[in-house]
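Fair warning: this is a prediction, and the values are worked out from it, not measured in the lab.
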Amino acid sequence: MNCVQSQGKLWRSIWKGLALGTLLTSFLILLYSYAAPPLNLSSTDNPVAFQCFASSPPIASRRLTNFSAKGTSQCQQQHNLFFLKTHKTGSSTILNILFRYGQKNNLHFAFPRGRNDFDYPDYFQRWQVEGYQPGACFNVICNHMRYQHSEVRALLPLDATFVTVLRDPALLFESSFQYFARVIPLTWKLPGSSNVQKMEEFLQSPHTYYDSSGFNAQYLHNLQAYDLGYDNDVEDLNVKQVLDELDGRFHLVMLLEYFDESLLLLRELMCWEMDDILYFKLNARKDSGVSRLSPEMYQLAHKWNAVDTLIYQHFNSTFWRKVEEYGSKRMHQDVLELRRRNEELKNECIAGGGAVDSSKILESGLQPWQPIGEKTIQGYNLKNNISPKHKQLCRNMLTPEIQYMSQLGADLWVTQLWGKIRALMQW
């Protein structure tokens with residue numbers, strides 16, 4: 001009896017917290033909509049960032065460059081890039097690379113208004129960009145969104161490169177379930193004392209529990225298709241048409257499982273230097289490198305996320321064709337070089353040599369955003385004796401997304417206020 005009563009109190013506490021959080025968030029969004037200046041639909045009355053025109057040859061005509069063999073560039077460095085930041089795919093690490101490159105080259109980012117995503121899970125609209133005025137153009141768009149090609153295309157020069165990253169759908173489902181379960185109400189009724197048990201119960205009979213209209217339900221079904229702008233719940237989705245569209249829109253689809261190879265393909269496509277793609281792994285959960293899916297659950301996760309699986313299989317094939325064009329031997333050599341350079345910086349930059357739990361991070365500026373009710377995302381501490389040459393680079397490479405966006409001039413007042421509310425409520 002006492003157990004039932006305590007569970008009842010727990011559920012009431014959760015519901016009260018969520019209700020309060022929803023009301024506060026709705027109030028903040030409403031307040032911002034009134035505080036923000038009205039959208040001027042005249043393209044002649046307002047100045048624009050710069051005009052959208054091609055500043056370099058089309059991608060198909062760019063010459064490939066063998067940086068490893070020659071050490072000199074024979075192509076024109078590219079600055080205009082759209083990166084579709086998909087969920088739970090290592091995209092936060094890629095974002096840090098783009099922030100550093102944009103900062104170094106004084107590029108113009110299209111940031112969201114007041115927050116760190118473009119009103120996700122709604123479709124992207126150009127007015128969601130901070131400071132948007134009709135006719136405005138940007139160098140880089142790279143924050144979370146639900147992709148809508150025509151809206152994105154209107155904000156970038158004609159020569160912009162379109163890139164995204166995908167992940168094995170079964171492993172992505174596992175990561176998404178673990179990270180978002182507390183904010184997906186349909187998971188709360190699942191039997192089990194842990195998220196792993198709840199996940200296994202769900203996969204054994206997903207149609208029993210899944211409701212496509214449920215709050216945040218997209219995180220549990222074909223999430224990559226959803227982020228790419230497609231209906232993740234239509235069983236008869238024309239996947240061939242989807243793949244043809246994606247092939248025509250994205251110049252490179254990277255794969256988390258081959259992260260270093262993906263970055264080298266990005267470097268080649270953009271005519272960047274090796275220094276531009278150095279990285280430390282960011283926004284990673286503790287023990288996230290080890291899957292808890294049994295072989296049976298792994299297969300069930302693929303079956304449940306069938307559309308994502310077809311998309312992933314297609315771009316896995318195109319990925320290795322690009323690797324062959326790059327040169328397998330050259331790729332192997334460059335991967336080793338990239339890892340060597342990363343390890344050198346790791347030894348110079350990171351105190352203790354690796355990631356630590358949130359409670360052990362000494363600087364608030366290096367503290368990553370945490371999922372509600374948990375402190376599972378790890379971060380880093382800087383060494384004290386970093387050489388002057390690498391001191392700023394080390395700090396930039398370890399700076400989480402929200403803090404880095406603020407440094408680049410993004411107004412994140414909604415995100416920051418929500419963070420303070422969470423801290424006050426101890427969520």
Side-chain angles (χ1 to χ4, degrees), residues 83-104 107 109-112 114-118 120 130 140-145 165 175-176 178-180 182-183 256 259 263 276-289 342 345-346 348-383 386 390-423 427:
F83 172 62
L84 177 59
K85 188 178 189 292
T86 48
H87 286 86
K88 314 314 299 176
T89 58
S91 58
S92 293
T93 301
I94 299 173
L95 205 67
N96 182 273
I97 291 172
L98 302 183
F99 285 166
R100 287 187 280 120
Y101 184 83
Q103 188 176 39
K104 182 180 77 172
L107 302 184
F109 288 88
F111 284 132
R115 47 194 283 182
N116 63 312
D117 64 66
F118 290 104
Y120 189 89
E130 180 182 316
V140 183
I141 307 176
C142 57
N143 289 93
H144 274 310
M145 66 167 67
V165 59
S175 180
S176 183
Q178 299 299 317
Y179 188 91
F180 293 112
R182 287 177 179 264
V183 294
L256 174 61
F259 197 74
L263 289 178
D276 296 322
I277 61 169
L278 300 178
Y279 71 92
F280 299 133
K281 187 177 181 181
L282 299 180
N283 204 42
R285 285 186 301 113
K286 186 177 182 179
D287 301 326
S288 61
N342 283 336
L345 276 176
K346 175 183 173 183
E348 178 160 7
C349 298
I350 301 176
V356 297
D357 292 343
S358 172
S359 61
K360 297 180 180 178
I361 299 173
L362 302 179
E363 290 188 48
S364 61
L366 300 180
Q367 187 73 243
W369 187 266
Q370 299 290 341
I372 286 181
E374 297 181 1
K375 297 287 186 180
T376 55
I377 303 301
Q378 295 187 306
Y380 300 91
N381 287 311
L382 276 168
K383 279 188 172 181
I386 301 172
H390 291 134
K391 192 169 185 178
Q392 189 59 51
L393 174 62
C394 290
R395 177 169 292 279
N396 289 345
M397 291 180 70
L398 296 178
T399 299
E401 172 185 342
I402 292 174
Q403 292 92 320
Y404 212 143
M405 287 179 66
S406 295
Q407 290 179 25
L408 294 173
D411 180 7
L412 300 176
W413 74 272
V414 174
T415 299
Q416 291 166 347
L417 188 53
W418 175 236
K420 292 178 180 178
I421 293 171
R422 285 183 54 187
W427 287 344

In Å and rounded to the nearest 0.5 Å, what is the [atom1] to [atom2] distance from [X] to [Y]?
X	Y	atom1	atom2	value
Gln370	Ser358	CD	OG	4.5 Å
Arg100	Leu393	CZ	CG	6.0 Å
Thr93	Leu282	OG1	CG	4.5 Å
Leu98	Ile141	CG	CD1	12.0 Å
Phe118	Phe111	CZ	CZ	8.5 Å
Leu417	Ile421	CG	CD1	4.5 Å

Subject >> Matching residue for Asn96 among Phe280, Tyr404, Tyr101 - test: side-chain contact (heavy atoms from CB on, under 4.5 Å) >> reply: Tyr404
Original post:
Ring centres of Tyr120 and His87 under 6.0 Å apart?
Top reply: yes
**OP:** For the pair Phe109 and Phe99, name the ring-plane relationship: parallel under 30°, tilted 30 to 60°, perpendicular over 60°.
**Re:** perpendicular
Original post:
Under the salt bridge (Lys or Arg N to Asp or Glu O under 4.0 Å) rule, what pairs show up with a residue in residues 359-368, not counting sequence neighbours?
Top reply: Glu363-Arg395
Subject >> Donor-acceptor side-chain pairing of Ser406 and Gln416 below 3.5 angstrom >> reply: yes
**OP:** Walk me through it: do Gln407 and Asn396 pass the test side chain to side chain contact (heavy atoms under 4.5 Å, CB included)?
**Re:** CA-CA 10 Å; Gln407 290 179 25; Asn396 289 345; 4.3 Å; yes
Side chains of [X] and [Y] in contact at under 4.5 Å (non-hydrogen atoms):
X	Y	result
Trp369	Asn283	no
Asn381	Ile361	yes
Gln367	Pro400	no
Pro371	Thr376	yes
Arg285	Ile377	yes
Leu366	Thr399	yes
Phe83	Val140	no
Pro112	His144	no

Original post:
For Leu408 and Gln103, what are the C-alpha separation, side-chain angles and deciding distance, and is it a side chain to side chain contact (heavy atoms under 4.5 Å, CB included)?
Top reply: CA-CA 7 Å; Leu408 294 173; Gln103 188 176 39; 3.9 Å; yes
Please name the pair of heavy atoms, one in [X] and one in [Y], separated by the smallest distance, quoted to 0.1 Å.
X	Y	result
Leu84	Met145	CD1-CG, 3.7 Å
Asn116	Leu412	N-CD2, 3.9 Å
Ser364	Gln403	O-NE2, 3.2 Å
Ser92	Glu401	OG-OE1, 4.1 Å
Ile386	His390	CG2-C, 3.8 Å
Lys281	Tyr380	O-OH, 2.5 Å

Subject >> Heavy-atom neighbours of Lys346 NZ exceed 12 at 6.0 Å >> reply: no
Original post:
Going through the checks in order, is the side chain to side chain contact (heavy atoms under 4.5 Å, CB included) test met by Asn143 and Asp117?
Top reply: CA-CA 6 Å; Asn143 289 93; Asp117 64 66; 5.6 Å; no
Subject >> From CA spacing to verdict: salt bridge (Lys or Arg N to Asp or Glu O under 4.0 Å), Lys104, Asp276 >> reply: CA-CA 10 Å; Lys104 182 180 77 172; Asp276 296 322; 2.5 Å; yes
Original post:
Sequence neighbours excluded, which residues qualify as side-chain hydrogen bond (donor to acceptor under 3.5 Å, both in side chains) partners of Thr89?
Top reply: Thr86
Original post:
Between Met405 and Thr415, does a side chain to side chain contact (heavy atoms under 4.5 Å, CB included) hold up when you go through it step by step?
Top reply: CA-CA 11 Å; Met405 287 179 66; Thr415 299; over 6 Å; no
